[in-house]
Structures are given as C-alpha cells and as structure tokens.
Amino acid sequence: KLIDSQPKVLFHPLPVLFVTAVLETESKIPYQTYICPCYRNKKRTGLNFIFPIKLRTEDPAHKWTLRGVSLLCSKD
C-alpha cells in the first residue's frame, strides 16, 4: 500500500511486483488506487514512460499526483 515516506527520503525501494495483463472490464479492485506512472529513468518524459500501474492507497489519488509520485526503474 502507498504511504508517506520518512522526512527527507526521496527514493524508497518497492518490492518486486508481479505484472500481468487483465482486461479493464474484468478488473475488480475493492480498494482505492492511485494510477502511478512507471518510467525507465528519472528523466520523466514520454519517451521514458513504460506503463501505468495501480497502487493501493488509503489517501485520495490527487494527493499523490500533487506530490509527483512515480515508479523509476533506475535512479541513475
């Protein structure tokens, strides 16, 4: 689940994710989600975008959007 980080911590590792394809009509998620963009590196442009991923959260999605939350495959 997506939660606030410790003060002054910019990057936090995410556990390994099992990624699989599911049709949107078959997706039954009973909890609130944030649709988080995943990028190849920290230069977040359209060329580095890979896919969006739904992360569980207890807070509204606009909170994470305003904070610029995203997943990075590399910190370099």
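Just so you know, these numbers come straight off a predicted model, no measurement behind them.
With rounding to the nearest 0.5 Å, the separation of CG in L2 from CZ in R67 is 9.5 Å. Taking NZ from K63 and CD from E58, the interatomic distance works out to 10.0 Å, rounded to the nearest 0.5 Å. One finds the OG atom of S74 at 8.5 Å from the NZ atom of K42 (value rounded to the nearest 0.5 Å). Expressed to the nearest 0.5 Å, how far OG1 of T57 lies from OH of Y31 amounts to 11.5 Å. I50 contributes atom CD1, which lies 9.5 Å from atom CG of L71 (distance to the nearest 0.5 angstrom). Considering CD1 of I53 and CG of L17, their distance stands at 4.5 Å, rounded to 0.5 Å.
By the side chain to side chain contact (heavy atoms under 4.5 Å, CB included) test, H62 pairs with P60, L66, sequence neighbours left out. Remark: K54 engages E24, S27, I29, T33, I35 in a side chain to side chain contact (heavy atoms under 4.5 Å, CB included) (not counting sequence neighbours). In terms of the side chain to side chain contact (heavy atoms under 4.5 Å, CB included) criterion, residue partners of T25 (sequence neighbours excluded) are, by chain and number, L23.
Aromatic ring orientation, W64 versus Y34: tilted (interplanar angle from 30° to 60°).
Between C73 and C38, the shortest heavy-atom contact is SG-SG, 4.0 Å. Heavy atoms only, all atoms of each residue included: V69 and C36 are closest at O-SG, 3.9 Å.
Side-chain atoms of N48 come within 3.5 Å of backbone atoms of K43 as a donor-acceptor pair (strictly under, hydrogens ignored). R44 places a side-chain N or O within 3.5 Å of a backbone atom of G68 that can act as its donor or acceptor partner.
Grouping the Ile, Leu, Val, Met, Phe, Trp and Tyr side chains by contacts below 4.5 angstrom, directly or via other members, places L72 apart from L14.
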Worked verdict on H12 versus I3 for side chain to side chain contact (heavy atoms under 4.5 Å, CB included)
CA-CA 11 Å; H12 193 282; I3 59 171; over 6 Å; no
